[in-house]
Novice: 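The structure that follows is given in the form of structure tokens.
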Amino acid sequence: MMEALGYFFMSWLDWQILLLTGLGTFAGIYIGAIPGLSVTMAVSILISFTFKWDVNHALALISGIYLGGVYGGSRSAILLNIPGAPSAIATGLDGFPMAKRGEAGEAIGLTTVISVYGGFIGILALAVAAPLVSDLALMFGPREYLLLAIWGILLVGSLSGESLSKGIFSGALGALIACVGLDPMTGENRLTFGSLQLSAGISYIAAMIGFFGVAEVIAQVHELHLTAVRQKVEKIIPSWKLVRKYLPLATRTSSIGVVVGALPGAGGDIAALMAYDHAKRTVKNPSRPFGQGAHEGLVAPESANNAAVGGAYVPMLTLGIPGDAVTAVIIGALYIHGLKPGPMLMAETPHLFWFIVGSLVLANLFLLVFGLTGIRIFAKIVETPKPILLPLILVLSAVGAYAINNNPVDVYWMLGFGLLGYFLKMYGFQVGPVILGMILGPIMDRSYRQAMMSTGNDVGLFFTEFVTTPLSLILVLCVALTILSQTAWWQRWRAPQSA
Amino acid sequence: MHTSHSRLPGEVAFMVLIVAFSAFMLWASFNISRFESVSAAGVFPMVCTAAMLVTGLMSLRQSLKSRLVLESGETAWGQFVRKLTPPTLVQFTVLIVAYMLLLEVLGFVVSSYLFLLLSMQVLGSSRVGLNVLVSALVLACIFVIFQTAFSVVLPAGSLVGPYLPEFLK
């Protein structure tokens, strides 16, 4: 216990880590707030720069950026009516009407305090649930990992896009990219077409920067004409009475955030939309009608998306399965630092777990400070013209891809994936599942082959064992339900019920 | 960006391309270990590519079922250019490609400066003096931060590198 506390406070007592966490949170708020910049993009680029750092320093910076970025999107949604991140889409529905009424300060203040509250619930859930899930995960065999990874790809495919088939395509594409190179089990060349360069595999960091950096920058050219509608901001710090009034709702929606965040593949954006929907259905007398500046319309999504951060860390640290696209990238960072997320991470390196919890708490406190201050600078930075901003991100992306191996080939891969990502996005494919596929692909490949070999390559027995062991059966049902929920039959059945 | 009722120009061609790519990769995956064993190295890539092929075909079917809605007097190519490849986007992309290709030849400092300057102009930042200043300042910051804090070795450039002062390499 004392040992865990020591690790927990490590980030609080080391001035360098303290500084990096603060810097990360501050940068995260602005990255999340600037439309076109995403946390995933920032963390992807950052990994290639920080892999030479001490792992604690890198993780402190990343934790700050993640937490700050999820919150940051709300600021531009309220002030400029442009959600800085997908997780802030629901926030703008009531935040901007409030700002138009001259209540931008109140909206920002309430959002900040409630986000911090949601963040703490998420971190608390992480601290309590992760050790339990980790113990449970020790019972997982290759079959369970295979099912969990399949479920993750299906979930992200079905929840983040308009079509499950396109989601699965993206996930499978990511898994295929991860297959390129030498087979880790037999050493055979896979999909290398005789190229020595391909034998080393495709750098997933280059792919991440391409899909989230270059593709997004190119897509942002369509939005050059978007102009921000700036609002006046006065009195930010909310009254305790106002905050207290919304704590019960925030607690409920934070719980939604934790659960959705912990689902493999689902992240803060889905949590926020679900929480907003929950508030709309359950709050009988909102402060104003929803969509016209209801406080509840701010409280629900903002508590949920920040709570989802803690939730998303649970499967990432305990199972090695990413909760969302950002945690998929963070898993990449952990791999680079020689760590292997999964049940053994908690057993072998408990200090790392408690360090992460400690730095998340610290980042959350920084969020409160930075969230309630610096509005004037904020407006200036967020309104940086895109003709200046976009080329800058491109230069950072190029440096990031080059820095991985000091090899221009990674830059070319990044460019190729960037162009592919742009067209995929335009034609309705999500790029999040591609990255998830790249992380989950090797887990699925290894788990499938281990499970198959454990049955002596008996296909019948392999499938039978999916339904004869309780853990596998539960996961099979989850996978089946996810597929079923996307069928026309299910949609027809649900339609009269929700009407 | 995309609706389920109408399709974007070029969507069917894109879907055909991804289906063809998936089929080719399925064949390539099959050739890794053929049907040697159910746990052989090629099985998982085969499953991935088969999933890509099936879902690619489903997406193609969806695209074929939806309609391309053209505004009066507009051709499909005209809409493709307007919605997917407007001239500014094409020019910016060409600059990106040129920048990536010239990074090794001209080095980080020169190629990045040229890229920043030209792309700011292309994207509509018309104040040349400001662009020159902002590009130089930003590049100086990036260079110093990445060389010192992140210890990133940036390419000096095979063509320009030998003539650059030591601190810019």
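Every chain is numbered from 1, with letters handed out A, B, ... down the list of sequences.
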Novice: Counting only non-hydrogen atoms closer than 4.5 Å, does B/Pro86 touch chain A with its backbone (N, CA, C, O), its side chain (CB onward), both, or neither?
Specialist: side chain

Novice: Minimum heavy-atom separation for B/Pro9 and A/Tyr427, please, with both atom names.
Specialist: O-OH, 2.8 Å

Novice: Using non-hydrogen atoms only, which part of B/Leu89 is less than 4.5 Å away from chain A: side chain, backbone, both, or neither?
Specialist: both

Novice: At a 4.5 Å cut-off on heavy atoms, which part of A/Ile218 comes close to chain B: side chain, backbone, both, or neither?
Specialist: both

Novice: Just by modelled atom types, is the A/Leu394 backbone N or O under 3.5 Å from a matching donor or acceptor in the B/Tyr99 side chain?
Specialist: no

Novice: What option among B/Ile18, B/Leu53, B/Leu101 has the most heavy-atom pairs under 4.5 Å with chain A?
Specialist: B/Ile18

Novice: Taking every heavy-atom pair that is under 4.5 Å apart, which of B/Leu118, B/Leu84, B/Leu130 has the most such pairs with chain A?
Specialist: B/Leu84

Novice: Which region of B/Ser29, side chain (C-beta onward) or backbone (N, CA, C, O), has a non-hydrogen atom less than 4.5 Å from a non-hydrogen atom of chain A, or is it both or neither?
Specialist: both

Novice: Identify which part of A/Leu424 has an atom lying under 4.5 Å from any heavy atom of chain B, answering side chain, backbone, both or neither.
Specialist: both

Novice: Atom CG of B/Leu17 and atom CZ of A/Phe423: how far apart are they, to the nearest 0.5 Å?
Specialist: 10.5 Å

Novice: Would you check if B/Phe21 and A/Leu173 make a side-chain contact, meaning some heavy-atom pair closer than 4.5 Å?
Specialist: yes

Novice: At a 4.5 Å cut-off on heavy atoms, which part of A/Phe462 comes close to chain B: side chain, backbone, both, or neither?
Specialist: neither

Novice: For A/Cys179 versus B/Phe44, what's the shortest heavy-atom pair and its separation?
Specialist: SG-CD2, 3.5 Å

Novice: Given a strict heavy-atom distance threshold of 4.5 Å, which part of A/Tyr402 is in contact with chain B: side chain, backbone, both, or neither?
Specialist: side chain

Novice: Let me confirm one number: the OG-CG distance from B/Ser125 to A/Leu390, rounded to the nearest 0.5 Å.
Specialist: 11.5 Å

Novice: Please flag which part of A/Asn406 lies under 4.5 Å from any non-hydrogen atom of chain B: side chain, backbone, both or neither.
Specialist: side chain

Novice: So which of B/Pro45, B/Ala28, B/Ala50, B/Ser37 has the largest heavy-atom pair count under 4.5 angstrom toward chain A?
Specialist: B/Pro45

Novice: Please find the pair of heavy atoms, one from A/Phe169 and one from B/Met52, that lie closest to each other, and give the distance.
Specialist: CD1-O, 3.3 Å

Novice: Show your reasoning for whether side chain to side chain contact (heavy atoms under 4.5 Å, CB included) applies to A/Leu392 and B/Ile142.
Specialist: CA-CA 10 Å; A/Leu392 258 174; B/Ile142 293 178; 3.9 Å; yes

Novice: Less than 4.5 Å to any heavy atom of chain A: does that hold for the side chain of B/Ala40, its backbone, both, or neither?
Specialist: backbone

Novice: Which pair of non-hydrogen atoms, one from A/Pro387 and one from B/Leu123, has the smallest distance, and what is that distance?
Specialist: CG-O, 3.5 Å

Novice: Would you confirm whether A/Arg190, through its side chain, and B/Ala41, through its main-chain N or O, come within 3.5 Å as a donor-acceptor pair?
Specialist: yes

Novice: If you count heavy-atom pairs within less than 4.5 Å of chain B, which of A/Asn189, A/Val411, A/Val214 leads?
Specialist: A/Val411

Novice: Need one label for A/Asp183: side chain, backbone, both or neither, based on atoms under 4.5 Å from any heavy atom in chain B.
Specialist: side chain

Novice: With a 4.5 Å heavy-atom cut-off, do A/Lys166 and B/Met58 have their side chains touching?
Specialist: no

Novice: For the residue pair B/Val43 and A/Arg449, establish whether any side-chain heavy-atom pair is separated by less than 4.5 Å.
Specialist: no

Novice: Rounded to the nearest 0.5 Å, what separates atom CG in A/Leu176 from atom OG1 in B/Thr49?
Specialist: 6.5 Å

Novice: Please rank B/Gln121, B/Met15, B/Glu104, B/Lys83 by heavy-atom pairs under 4.5 Å with chain A and give me the top one.
Specialist: B/Glu104

Novice: Got a second to check how far A/Ile388's CD1 is from B/Arg127's CZ, nearest 0.5 Å?
Specialist: 8.0 Å

Novice: Please classify the contact between A/Met444 and chain B as side chain, backbone, both or neither, with a heavy-atom cut-off of under 4.5 Å.
Specialist: both

Novice: Name the member of B/Asn131, B/Val138, B/Asn31 that forms the most heavy-atom pairs with chain A at distances under 4.5 Å.
Specialist: B/Val138

Novice: Name the region of B/Ser22, side chain, backbone, both or neither, that has any atom closer than 4.5 Å to a heavy atom of chain A.
Specialist: side chain

Novice: Is there side-chain contact between A/Pro408 and B/Leu103, with at least one heavy-atom pair below 4.5 Å?
Specialist: no

Novice: Any chance CZ of B/Arg82 has more than 12 other-residue heavy atoms, nucleotides or ligands included, within less than 6.0 Å?
Specialist: yes

Novice: At a 4.5 Å cut-off on heavy atoms, which part of A/Val459 comes close to chain B: side chain, backbone, both, or neither?
Specialist: side chain

Novice: Applying side chain to side chain contact (heavy atoms under 4.5 Å, CB included) to A/Tyr422 and B/Thr93, what does each step give before you reach the verdict?
Specialist: CA-CA 11 Å; A/Tyr422 169 71; B/Thr93 309; over 6 Å; no

Novice: For a quick test of reading the model, state the closest non-hydrogen atom pair linking A/Phe193 to B/Met25 and the distance between them.
Specialist: CZ-SD, 4.1 Å

Novice: Check whether any side-chain heavy atom of A/Tyr448 lies under 4.5 Å from a side-chain heavy atom of B/Val38, and answer yes or no.
Specialist: yes

